[in-house]
Amino acid sequence: MKFYILMLAFSFSILCHAQADKVNYNDDTATPKGRLGTVTETIINAINSNDPDKIKAFIENSFTEEFQNIAPMKAHQDIFLNYYRQTGGVRFHSMRTYTPENPQENVLILKDVNYDSWQKITFSFANEKDLIIKGMGISPAEIPSGILESEISRTAFVEETKQTVDRLAQQDLFSGAVLIAKGNAILYQEARGEASKRFHVMNNTDTKFNLGSMNKMFTAVAILQLVEKKLIALQDPIGKYVDESWLPSEITAKINIHHLLTHTSGLGSYFNKDFWNASRASYRNVDDFKQLVKGETPAFEPGERYSYSNTGMLLLGVIIEKVTGTDYFEYVDANIFRPARMTHTDAYEMDEPVENLAIGYSPAANSSGWENNLYKHVIKGGPAGGGFSTVGDLHRFAMALVNEKLVSKPSLDLLWTDHSNSGYGYGFSLGKGGGGKVVGHSGGFPGINSNLDIFLDKDYVVVVMSNYDGGASPLAQKIKNQIARLAE
């Protein structure tokens, strides 16, 4: 569930070998010249207007009709309005170019007001003649190459993080929990905001927050465990394990386990119209999602390219059940959660009372200013996402991984290798910056945003979990950029 249904239009993979252009590096108010400059200025002005009518006019005049029809206009407007709420507005910094050149993709580098952090807006045009936008992605960005920021001490880093979290909580931009550790040693751990606005129950450091797509890490580790036991092979066609009640054999014969792990299968997402129109109570076990998958056809030949796929990760859960003869949830609990001492992690069923569990909230135009996600979210998560955990449990998961308690070093190398030039390994997102190699995953859905970063070269672990839309990612990126500045 990394990209929830209303964000699909805005989300696509960005190549990791991008290099920053030198244009306007010392002028954060200027924009590029010419027609591209007019487009970027229009994008920035639309965001900073914080005006639904101006945003509507921008979308109607700047995007293809196909893009506009992906979601209702209000959903498009809300994305921009929520982005402004989270960032406080953005300032132009530069345009990024690709080496080798990629004329189909433009990356706008910005700095936001609330976090003083780097942001990127990636957009592509339907054609070069009229510059109508066919797709757009909005996300935090790494520190651009060529920018030198002063070093800070570990003490100053922790104090700055505390001040940032306090300020964001006071502005009601952050509700959740944060943990920063150097190896096993926890340097900072605090919670802010309310787990329940109805009963005014506060979050604490043991509060269970929704993981969104972060469950994909558990699924990938489970698959590598089975590979180590020689029960499966990465090149096995999934037709050995996924029968025709899920997908036709002509499809499953072409897709292998490696394709599912790397999001290169061509399959899409089972969060389709049938899911949104059905009762959430219909989906509790892996098998329950079969009706949402069986009509799906790959968008491209397996291995041809990367395209994020919830269906692919779900089918890895099917394989785990088939090979082990065990329920997916029982397998993951016995082979990942228990060995890692993750005592507050599970795919809890949302129609049962679960102690110290945060309800997710999105900004809304109603009397309270908020709406919860109870009628949007799945009743129970699964192999692709939707479980719950705590900042402490995710720290323990990270340490269990790096200490090779869950899988061996060769398997970790497979998990953390970019197999498709996409910034993605096997169930883990991959990054590299001033802080060295970073692996982990994020998760998002209405009222949900969580993130785990494991700094392999600097031995830091950062967990940010939030029960607000977009509440974790910008803060996690801010901390990541600060770690890159540490004088160590």
Side-chain angles (χ1 to χ4, degrees), residues 175-193 195-196 201-222 224-225 284-286 317 320 324 326-360 377-407 412 427-428 440-443 448-454 460-467 472:
S175 174
V178 182
L179 181 148
I180 301 172
K182 175 74 169 176
N184 286 314
I186 296 175
L187 305 179
Y188 174 80
Q189 183 177 207
E190 290 197 45
R192 294 288 185 271
S196 169
V201 176
M202 304 303 294
N203 288 317
N204 58 58
T205 55
D206 288 326
T207 296
K208 304 173 184 73
F209 295 93
N210 199 283
L211 291 164
S213 277
M214 294 171 72
N215 284 74
K216 291 179 173 67
M217 295 184 291
F218 309 147
T219 299
V221 170
L224 267 292
Q225 289 176 342
R284 295 179 188 269
N285 300 307
V286 172
I320 291 167
T324 65
T326 304
D327 175 78
Y328 168 83
F329 304 101
E330 292 177 2
Y331 179 88
V332 172
D333 180 62
N335 293 275
I336 297 176
F337 301 157
R338 291 185 198 174
R341 297 183 297 112
M342 301 167 68
T343 56
H344 301 295
T345 302
D346 203 350
Y348 301 106
E349 302 199 24
M350 293 297 290
D351 53 358
E352 294 183 10
V354 179
E355 292 184 1
N356 202 5
L357 183 144
I359 302 301
H377 197 263
V378 293
I379 290 287
K380 185 176 183 178
F388 287 82
S389 190
T390 67
V391 291
D393 271 10
L394 289 176
H395 175 224
R396 285 183 279 274
F397 171 66
M399 297 312 299
L401 280 173
V402 299
N403 291 322
E404 302 172 31
K405 292 183 177 179
L406 300 178
V407 290
L412 290 178
F428 284 78
H441 216 290
S442 62
I448 293 166
N449 191 206
S450 295
N451 191 85
L452 168 66
D453 282 326
I454 307 170
Y460 280 91
V461 175
V462 176
V463 188
V464 185
M465 310 189 78
S466 177
N467 57 328

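Because the structure is a prediction, the values reported are computed rather than measured.
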Discussion item. Any non-hydrogen side-chain atom of Asp393 less than 4.5 Å from a side-chain atom of Arg396?
Written reply: yes
Discussion item. Does any part of the side chain of Met465, heavy atoms only, come nearer than 4.5 Å to the side chain of Leu211, both counted from C-beta?
Written reply: yes
Response to the item:
In this structure, OG of Ser213 is separated from CG of Asn451 (nearest 0.5 Å) by 11.5 Å
Item to complete: Please check if the side chain of Asn203 supplies one atom and the backbone of Arg192 the other of a donor-acceptor pair under 3.5 Å.
Response: yes
Response to the item:
Closest non-hydrogen atoms of Pro383 and Gly317, given as atom of the first, atom of the second and distance, are CG-CA, 3.6 Å
Worksheet item: How long is the gap from OG on Ser389 to NE2 on His344, to the nearest 0.5 Å?
Response: 9.5 Å
Discussion item. Working note: Glu190 + Val178, criterion side-chain contact (heavy atoms from CB on, under 4.5 Å); need CA distance, chi angles, decisive distance, verdict.
Written reply: CA-CA 6 Å; Glu190 290 197 45; Val178 182; 5.9 Å; no
Fill in: Interatomic distance, Leu406 atom CG to Met399 atom CE [nearest 0.5 angstrom]
11.5 Å
Worksheet item: Under 3.5 Å, side chain of Asn356 to main-chain N/O of Lys208, donor-acceptor pair present?
Response: no
Worksheet entry | Ser175 to Ser466 - nearest heavy-atom pair and separation | O-OG, 2.7 Å
Discussion item. Any non-hydrogen side-chain atom of His441 less than 4.5 Å from a side-chain atom of Leu452?
Written reply: no
Practice prompt. Report the distance from atom CD1 of Ile379 to atom CE of Met350, rounding to the nearest 0.5 Å.
Written response: 8.0 Å
Item to complete: Indicate yes or no: at least one non-hydrogen side-chain atom of Asn467 is less than 4.5 angstrom from one of Ile359.
Response: no
Item to complete: May I ask you to decide if Ala358's main-chain N or O and Thr207's side chain share a donor-acceptor pair within less than 3.5 Å?
Response: no
Fill in: side-chain contact (heavy atoms from CB on, under 4.5 Å) assessment of Leu401 paired with Met217
CA-CA 11 Å; Leu401 280 173; Met217 295 184 291; over 6 Å; no
Worksheet item: Do the side chains of Leu179 and Gln189 get nearer than 4.5 Å, heavy atoms only?
Response: yes
Worksheet item: Is it true that a side-chain atom of Ser450 and a backbone atom of Asn210 form a donor plus acceptor pair closer than 3.5 Å?
Response: yes
Worksheet item: Picking from Tyr331, Phe218, Phe329, what satisfies ring-ring contact (aromatic ring centres under 6.0 Å, His included) with Phe337?
Response: Phe218
Practice prompt. Answer whether the closest heavy-atom distance between the side chains of Val221 and Phe428 falls below 4.5 Å.
Written response: yes
Worksheet entry | Close side-chain approach of Thr345 to Phe397, heavy-atom, < 4.5 Å | no
Practice prompt. Could you grab the distance from atom CD1 of Ile336 to atom CE of Met342, nearest 0.5 Å is fine?
Written response: 8.0 Å
Worksheet item: How are the rings of Phe388 and Tyr348 set to each other: parallel, tilted or perpendicular (split at 30° and 60°)?
Response: tilted
Fill in: Check: Asn449 side chain, Ala472 main-chain N or O, donor-acceptor pair, under 3.5 Å
yes
Worksheet item: Got a second to check how far His395's NE2 is from Asn184's CG, nearest 0.5 Å?
Response: 5.5 Å
